[in-house]
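Written below as structure tokens is the structure these notes are about.
Indexing begins at 1, ligand by ligand and atom by atom, following the structure's order. This structure is a prediction, so every number in the text was calculated from the model and none was measured.
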Amino acid sequence: MAIEQTYLMVKPDGVQRGLCGDILSRFERKGLKIVAMKFMVIPKGTAEDHYGEHKGKGFYDSLISYITSGPVLAMVLEGENAVAVCRGMMGKTNPQESAPGTIRGDFGMVTGMNLIHGSDSPQSAAREISIFFKPEELIPYRRTADDWIYE
Ligand code: IDP
Ligand code: MG
């Protein structure tokens with residue numbers, strides 16, 4: 001199984017509700033490796049670039065104002081099959097349909113306030129990482145705990 005990188009972001013509702021630590025700790029405890037992290041307010045143009053696939057949909061304008069409404073915690077996480085593993089941990093787009101034990105299932109109530117973004121494919125991950133991080137902001141290092149996470 002290939003080692004992948006994925007783009008994750010605690011959205012403004014997660015930051016305002018004080019859930020950054022809880023959300024990040026789930027990924028850390030799972031075994032994902034932190035490669036980059038940034039606390040930022042997303043400029044409108046960057047949000048439009050990131051969510052370009054949704055332009056023209058009914059929720060697009062409210063999505064852009066939601067995601068730019070306050071700071072987000074942006075990060076790149078790495079691990080085996082990281083894109084799908086992290087999507088599974090997030091839960092479905094609608095928190096009411098997300099299983100308990102997932103981030104959206106445990107903390108959210110509506111789709112428009114669903115706490116977290118995660119890339120949906122390795123191709124999306126590469127695109128999204130390049131929107132939010134410069135190559136030199138991705139930090140390569142050996143994590144000794146990997147010897148006890150992967151066989
Ligand atoms: P995803 O975040 O699970 O990948 P997408 O379909 O890519 O879901 O939608 C991107 C984001 O747009 C969602 O996470 C959510 O914040 C918002 N969104 C999607 N559909 C709706 C909707 O029907 N109403 C309000 N917001 C929506
Ligand atoms: Mg998506």
Per atom 4 (O) of ligand 1, closest listed option by heavy atom (R87, M113, M90, K57): R87
Mind checking whether R104 has an N or O less than 3.5 Å away from an N or O of ligand 1? yes
Measure the spacing between CD of E78 and CD1 of I139 and express it to the nearest 0.5 Å. 12.0 Å
If you take the nearest heavy atom of each of H54, M9, H50, which one is closest to atom 10 (C) of ligand 1? H54
Using heavy atoms and a 4.0 Å limit, tell me yes or no: is N114 in contact with ligand 1? yes
Nitrogen or oxygen of E53 less than 3.5 angstrom from that of ligand 1: no
Which residue and heavy atom of the protein sit nearest atom 23 (O) of ligand 1, plus the separation: F59 CD2, 3.9 Å
Using the ring of each side chain (for Trp, its six-membered ring), is Y51 parallel, tilted or perpendicular to H117, with breaks at 30° and 60°? perpendicular
Is the contact between L63 and ligand 1 made by the side chain, the backbone, both, or neither, using heavy atoms and a 4.0 Å cut-off? side chain
If the plane angle is over 60° it's perpendicular, under 30° parallel, otherwise tilted; pick one for Y7 and F132. parallel
Of all the heavy-atom pairs spanning V83 and S121, show the shortest one and how long it is. CG1-N, 3.6 Å
Would you say Y51 and ligand 1 have an N/O pair spaced under 3.5 Å apart? no
Under 4.5 Å between side-chain heavy atoms, chaining through other members, with only Ile, Leu, Val, Met, Phe, Trp and Tyr counted: pull out the rest of the cluster around V41, sorted by chain and number. none
Sub-4.5 Å side-chain heavy-atom contact between L73 and M75: yes
Atom 3 (O) of ligand 1: the protein heavy-atom neighbour that sits closest, reported with distance to 0.1 Å: T93 OG1, 2.6 Å
List the atom of P12, the atom of I67, and the distance in Å for their closest heavy-atom pair. CG-O, 3.7 Å
May I ask you to check whether K11 has an N/O atom sitting below 3.5 Å from an N/O atom of ligand 1? yes
